[in-house]
Visitor: 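Have a look at the structure that comes next, please.
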Amino acid sequence: MSLSGKARIAGVVGWPIGHSLSPVLHGYWLAEHGIDGALVPLAIRREDFSETIVSLQRAGFRGVNVTVPHKEAAFALAHVCDHAAKAAGAANLLIFQADGTIEARNTDMLGLMQSVREAMGRLDGKAVVLLGAGGAARGAILALGELGAAKIHLLNRHADKAATLMRAMQPLVKSKLSAGGFQDWKGAAPAADLLINSTSAGMAGNPPLALDLAPLKPSALVLDIVYNPLETELLKQAKARGHKAIDGLGMLMHQAAPSFEAFFGVKPEVTPGLRARLIEALAHG
Ligand code: ATR
């Protein structure tokens with residue numbers, strides 16, 4: 001099978017995939033730019049991942065966005081990768097080049113960077129507390145490092161994982177990394193200019209993050225990478241305490257922009273109209 005004609009087709013692969021907002025996101029930009037194309041959601045089991053990627057490439061897809069649980073497999077399968085994918089050991093974008101090369105990128109890091117920059121500019125001299133020590137935290141450390149953060153304090157439910165991540169990431173960023181468990185929150189919070197949740201706590205179906213924001217200084221910003229629900233318990237608490245709160249939609253929209261450009265050849269804009277469309281999609285489950 002091969003796709004003919006001018007239509008440009010890309011995919012988003014994951015398991016499950018039903019709740020992915022990527023088709024809505026790309027669909028919005030395709031309509032905005034009058035492009036004949038589509039981003040197709042594909043539910044692919046872990047064991048079928050590599051075979052499917054090869055088939056999609058043969059079929060003429062431009063590439064795929066990759067979500068849970070395939071991000072590490074996507075990185076492993078690619079022939080070339082960018083700095084962010086290499087540092088994270090994971091990719092959320094595979095681009096199928098005309099010569100058969102598969103290029104892996106990690107645009108989650110760019111998405112977070114852009115979202116933080118929009119809210120507070122660069123982070124030179126600033127201190128950040130980052131919750132979590134998984135794949136999302138890896139990308140976040142790189143993003144914060146790029147923005148010039150002076151200090152990044154990693155806190156994780158299992159403190160040993162935060163320490164391991166600190167050791168792995170310190171050579172890759174200029175920011176001074178430190179690590180601990182949630183019991184260290186009270187000590188770390190007062191110095192923080194920004195608190196980021198990169199854990200999956202607070203996501204629909206998961207318990208909320210058990211964190212009291214009282215020790216945070218009033219000027220600190222709170223960012224949650226979770227976008228479903230849009231207003232997590234953490235962000236609710238932050239707003240109630242007068243902090244500026246940033247939800248996960250900014251990161252989601254900004255990580256999608258480089259994918260759209262790679263698939264469809266146009267650099268799209270992140271606008272209030274797109275945000276409104278995604279909020280509508282979230283409301284309709
Ligand atoms: P991802 O690649 O999305 O970061 P992951 O690698 O599975 O996913 O990591 C999930 C992160 O969320 C981990 O830091 C995990 O903490 P542990 O390492 O201690 O398991 C964190 N996490 C998940 N549920 C949590 C909860 N209810 N409270 C606090 N942290 C949680």
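Computed from a prediction, not measured in an experiment: that's the story for all the values here. Start at 1 with the first residue, then count along the sequence. All ligand and atom numbering here is 1-based and tracks the order in the structure.
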Visitor: Among protein heavy atoms, which sits nearest to atom 31 (C) of ligand 1, and what does the distance come to when rounded to 0.1 Å?
Guide: R157 CZ, 3.7 Å
Visitor: Are any of the protein's heavy atoms under 4.0 angstrom from atom 4 (O) of ligand 1, yes or no?
Guide: yes
Visitor: Any idea which protein heavy atom is nearest atom 9 (O) of ligand 1, and the distance to it?
Guide: G134 CA, 3.6 Å
Visitor: Hey, is ligand 1 close enough to A137 that some N/O pair sits below 3.5 Å?
Guide: no
Visitor: Any N or O on A133 sitting closer than 3.5 Å to an N or O of ligand 1?
Guide: yes
Visitor: Can you name the closest pair of heavy atoms from S115 and L223 and give their distance?
Guide: OG-CD1, 4.1 Å
Visitor: Taking only heavy atoms of A201, which atoms of ligand 1 are found under 4.0 Å from at least one of them?
Guide: 25 (C), 26 (C), 27 (N), 28 (N)
Visitor: Specify the protein heavy atom at minimum distance from atom 8 (O) of ligand 1: its residue, its atom name, and the distance to 0.1 Å.
Guide: G135 N, 4.4 Å
Visitor: Could you work out, for atom 16 (O) of ligand 1, the closest of N197, N156, L209 by heavy-atom distance?
Guide: N156
Visitor: Mind telling me whether F260 and F264 have parallel, tilted or perpendicular rings, with 30° and 60° as the class edges?
Guide: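 F264 vs F260 ring planes: tilted.
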Visitor: Each residue besides M203 in its hydrophobic cluster should be listed here, by chain and number; the cluster joins Ile, Leu, Val, Met, Phe, Trp and Tyr at side-chain heavy-atom distances under 4.5 Å.
Guide: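 Direct or chained contacts put M203 with V226.
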Visitor: Rounded at 0.5 Å granularity, tell me how far NZ in K217 sits from NE2 in H243.
Guide: 11.0 Å
Visitor: Please determine if K239 and D247 form a salt bridge, counting it only when a charged side-chain N lies under 4.0 Å from a carboxylate O.
Guide: no
Visitor: My understanding is that we take every heavy atom of each candidate and find the minimum distance to atom 21 (C) of ligand 1. Doing that for T199, L155, L131, D160, which one comes out nearest?
Guide: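 When every heavy atom of T199, L155, L131, D160 is considered, T199 comes closest to atom 21 (C) of ligand 1.
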Visitor: Distance under 4.0 Å to a non-hydrogen atom of H158: what atoms of ligand 1 satisfy this?
Guide: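 With H158 as reference, the close atoms of ligand 1 come out as 17 (P), 18 (O), 19 (O), 20 (O).
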Visitor: Using the side-chain contact (heavy atoms from CB on, under 4.5 Å) criterion, which residues pair with A76? Sequence neighbours excluded.
Guide: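 Counting only residues at least two positions away or on another chain, A76 forms no side-chain contact (heavy atoms from CB on, under 4.5 Å).
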Visitor: Who gets closest to atom 23 (C) of ligand 1 by heavy atom: S200, P207, P208?
Guide: S200
Visitor: Can you give me the closest heavy-atom contact between A149 and S175, atom names plus distance?
Guide: O-OG, 2.7 Å
Visitor: Has ligand 1 got any nitrogen or oxygen that is less than 3.5 angstrom from a nitrogen or oxygen of F182?
Guide: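 No, no N or O pair falls under 3.5 Å.
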Visitor: Distance only, no hydrogens: is a donor on one side chain within 3.5 Å (strictly under) of an acceptor on the other, for S22 and N65?
Guide: no
Visitor: Nearest 0.5 Å, what's the CG-NZ distance between L213 and K236?
Guide: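 Answer rounded to 0.5 Å: 13.5 Å.
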Visitor: Below 4.0 angstrom from a heavy atom of K161, which ligand 1 atoms are there? Numbered from 1 as shown, please.
Guide: 18 (O)
Visitor: State the atoms of ligand 1, each with its element, that fall below the 4.0 Å cut-off from a heavy-atom position in A136.
Guide: 1 (P), 2 (O), 4 (O)
Visitor: Please name the pair of heavy atoms, one in E103 and one in A78, separated by the smallest distance, quoted to 0.1 Å.
Guide: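 E103 and A78 have their closest heavy atoms at C-CB, 4.4 Å.
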Visitor: For G132, take its heavy atoms, then give the atoms of ligand 1 lying under 4.0 Å from any of them.
Guide: 14 (O)
